[in-house]
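Notes follow once the structure below has been shown.
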Amino acid sequence: MSMTLTSSAFHGYGKIPAAYTCDAPSGAAASPPLKWSGMPAGTAWQALYAYDNTGSVVHWVLMDLKPAVSNLPADTTGSAVVVTNYLPMCPGAGNTDQYQFTVYAEPADYHPPKVAGMYAVDPDQLAAHALGIGTLLGYYSQ
């Protein structure tokens with residue numbers, strides 16, 4: 001089932017503002033605000049996975065978001081298990097990278113395995129078990 005993932009900071013396939021990147025004016029980048037809809041029935045928990053499709057870097061992983069959560073304000077993790085803290089987008093001088101934010105609605109009978117007490121998150125496995133998925137793509141250039 002398709003879910004809709006959006007941000008009030010940038011539009012799909014649009015430019016991610018500097019405030020959410022390594023070029024943040026304050027020097028401390030915030031995670032972007034995200035909102036999603038279309039939660040499928042039977043969702044027991046959610047995961048958020050942010051990835052640099054160009055540079056192959058994981059930028060943010062949240063697990064165990066409650067089914068009632070449908071947004072994350074800027075610079076927040078909500079009530080989630082943080083697997084990977086937010087790593088600001090930073091493609092390198094002269095480069096433009098594509099960043100993908102994905103929210104997964106998961107059933108109660110699936111959780112990724114834990115290694116040394118931490119979730120071993122594989123986005124392919126999250127997708128394979130998901131009841132619903134929403135994706136938002138954005139770009140950033142330095």
Side-chain angles (χ1 to χ4, degrees), residues 1-108 110-115 117-142:
M1 174 179 222
S2 180
M3 297 170 61
T4 301
L5 178 60
T6 61
S7 177
S8 59
F10 65 97
H11 298 288
Y13 298 96
K15 182 178 181 183
I16 298 170
Y20 309 106
T21 73
C22 63
D23 294 325
S26 66
S31 58
L34 298 171
K35 183 176 182 177
W36 54 95
S37 61
M39 180 75 55
T43 298
W45 62 277
Q46 302 172 85
L48 178 77
Y49 194 89
Y51 187 73
D52 179 344
N53 287 333
T54 308
S56 300
V57 176
V58 175
H59 281 268
W60 198 20
V61 180
L62 301 177
M63 297 285 295
D64 288 332
L65 286 160
K66 305 286 184 223
V69 173
S70 62
N71 68 10
L72 294 173
D75 202 22
T76 185
T77 59
S79 57
V81 173
V82 178
V83 177
T84 303
N85 286 318
Y86 181 71
L87 175 65
M89 295 14 182
C90 199
N95 294 329
T96 299
D97 282 9
Q98 180 190 69
Y99 298 94
Q100 179 174 320
F101 295 84
T102 305
V103 64
Y104 301 91
E106 298 291 342
Y110 173 71
H111 255 85
K114 287 188 176 182
V115 176
M118 292 295 297
Y119 284 114
V121 180
D122 176 354
D124 292 334
Q125 286 299 307
L126 287 172
H129 292 90
L131 301 172
I133 300 173
T135 301
L136 174 65
L137 296 173
Y139 291 88
Y140 189 69
S141 299
Q142 275 192 306

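Nothing fancy with the numbering, it's 1 onward along the sequence.
In this structure, OG in Ser70 is found 11.5 Å from CG in Leu34, a value given to the nearest 0.5 Å. Rounding to the nearest 0.5 Å gives a distance of 11.0 Å between OG1 of Thr21 and CG of Leu87. Separating the NE2 atom in His59 from the SG atom in Cys90 is a distance of 8.5 Å, to the nearest 0.5 Å. The CD atom of Gln142 sits 12.5 Å away from atom CE of Met89, with the distance rounded to the nearest 0.5 Å. To the nearest 0.5 angstrom, Thr43 atom OG1 is 5.0 Å from Leu131 atom CG.
Annotation: cation-pi geometry not satisfied between Lys15 and Tyr139 (NZ/CZ under 6.0 angstrom from ring centroid, within 45° of ring axis).
Closest non-hydrogen pair, Tyr86 versus Ala30, comes out as CE2-O, 3.4 Å. Residues Leu72 and Trp60 come closest through the heavy atom pair CD1-CH2, 4.0 Å. Across all their heavy atoms, His129 and Pro107 have their closest contact at O-CD, 3.3 Å. The minimum heavy-atom distance linking Leu65 with Ala80 is given by the pair CD2-CB, 3.5 Å. Nearest heavy-atom pair across Ser79 and Val69 is OG-CG2, 4.3 Å. Between Gln100 and Thr135, the shortest heavy-atom distance links the atoms CG-CG2, 3.5 Å.
The backbone N or O of Pro33 lies less than 3.5 Å from a partner atom in the side chain of Ser7, making a donor-acceptor pair. The backbone N or O of Ser37 lies less than 3.5 Å from no partner atom in the side chain of Thr4, so there is not a single donor-acceptor pair. Checking side-chain atoms of Gln98 against main-chain N and O of Asp52 turns up no donor-acceptor pair under 3.5 Å.
Within the 4.5 Å cutoff, the side chain of Met3 has heavy atoms near those of the Pro40 side chain. At least one side-chain heavy atom of Phe101 sits less than 4.5 Å from a side-chain heavy atom of Ile16. Side-chain contact between Val121 and Val58: absent, with no pair of heavy atoms (C-beta onward) separated by less than 4.5 Å. Side-chain contact between Thr102 and Leu5 is absent, with no heavy-atom pair separated by less than 4.5 Å. Counting heavy atoms from C-beta on, the side chains of Pro112 and Leu126 come closer than 4.5 Å. Side-chain contact check for Asp23 versus Tyr140: some heavy-atom pair is nearer than 4.5 Å. When side chains are defined from C-beta on, Thr54 does not count as touching Asn95, because their heavy atoms never get closer than 4.5 Å.
Of the options Val81, Val82, Thr84, a side-chain contact (heavy atoms from CB on, under 4.5 Å) to Met63 is made by Val81 and by none of the others.
The ring-ring contact (aromatic ring centres under 6.0 Å, His included) analysis of residues 11-54, with sequence neighbours excluded, yields the pairs Trp45-His111.
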